[in-house]
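Whatever order the structure lists them in is the order used to number ligands and atoms, beginning at 1. The figures here come from the full heavy-atom set of this structure, side chains too, leaving out hydrogens, waters and symmetry mates.
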Amino acid sequence: MTENKLKIGVLALQGAVSEHIRSLEQAGAESFAVKKTEQLDELDGLVIPGGESTTIGRLMRQYGFIERIREFSEAGRPIFGTCAGLIVLAKDIEGQEEPHLGLMDMKVARNAFGRQRESFETDLPVKGIEEPIRAVFIRAPLIREIGADVEVLAVYNGEMVTAREGHLLVSSFHPELTDDYRLHEYFTHMVRQSKTGESKG
Ligand SMILES: NC(=O)CC[C@H](N)C(=O)O
């Protein structure tokens with residue numbers, strides 16, 4: 001049984017790590033914190049958590065994660081970026097010259113909800129998930145523009161907050177801060193499909 005479990009790591013340089021591990025385990029995967037680049041070799045999928053994108057980006061550079069995660073992605077292995085993780089994956093960050101990983105074809109804006117709506121919760125309908133999911137937004141970014149291969153999975157107040165481009169999944173909110181683990185389950189399915197070589201779905 002256990003040897004069949006998918007291994008999904010959570011990048012543990014900074015941010016909300018243990019909550020993601022718990023949600024991934026609830027979704028049926030084996031999950032652990034990733035602190036060294038060598039650990040990427042054993043993974044079927046990777047989560048980049050929320051936190052502070054500039055800090056996560058700086059530590060990724062410092063510990064050699066940028067190149068290694070790009071290789072991980074090139075090999076078609078799925079990555080799920082939440083909040084700061086979404087910013088770190090984007091090809092283009094508003095007001096910033098350089099991206100971090102620059103993997104996903106989208107332009108994002110940091111702290112896009114302004115001061116009044118620093119943090120809030122809502123029930124959000126997500127394409128591919130039957131009932132709305134509970135979404136916690138904390139100084140959340142927004143997706144401003146997307147490339148042709150990016151599919152929008154959720155919109156809040158007319159703004160794009162969840163999207164997918166092939167094996168890359170992003171949400172501008174924190175799906176790991178509630179007991180609702182259905183977005184982690186969605187990601188786990190993506191990882192299962194990439195592992196078994198079925199690319200559809
Ligand atoms: N909750 C979060 O991950 C916030 C992201 C943070 N505002 C940033 O720009 O990195």
Starting from atom 2 (C) of ligand 1, locate the nearest protein heavy atom and write down its residue, its atom name and how far away it is, to 0.1 Å. C83 SG, 2.7 Å

Test log, rule side chain to side chain donor-acceptor pair (under 3.5 Å), inputs H167 and S73: CA-CA 8 Å; H167 63 296; S73 174; 2.9 Å; yes

Going by heavy atoms in the side chains, are L101 and I66 under 4.5 Å from each other? yes

Find all atoms of ligand 1 within a distance of less than 4.0 Å from any non-hydrogen atom belonging to I87, and give their numbers and elements. 8 (C), 9 (O), 10 (O)

What residue and atom, counting heavy atoms only, is the protein's closest point to atom 10 (O) of ligand 1, and at what distance? S53 N, 2.6 Å

In terms of residue, atom name and distance, what is the protein heavy atom nearest to atom 1 (N) of ligand 1? H174 NE2, 2.7 Å

Which is closest to atom 5 (C) of ligand 1 by heavy-atom distance: A109, S119, G51, A140? G51

Does N111, backbone or side chain, put an N or O under 3.5 Å from an N or O of ligand 1? yes

among protein heavy atoms, the one nearest atom 9 (O) of ligand 1 is R110 NE, 2.7 Å

Shared hydrophobic cluster for L168 and L46 (ILVMFWY, side-chain gaps under 4.5 Å): yes

Under a plain distance cut-off of 3.5 Å, with no hydrogens placed, do H20 and T82 share a side-chain donor-acceptor pair? yes

Compute the centroid of each ring, for F137 and then for Y156, and state whether the two points are separated by less than 6.0 Å. yes

Can you check whether Y186 and F80 have ring centres sitting under 6.0 Å from each other? no

Close N or O approach (R139, ligand 1; < 3.5 Å): yes

Heteroatom distance test (G50, ligand 1): nitrogen or oxygen, under 3.5 angstrom: no

What do you reckon, is CD of Q62 surrounded by more than 12 foreign heavy atoms closer than 6.0 Å? yes

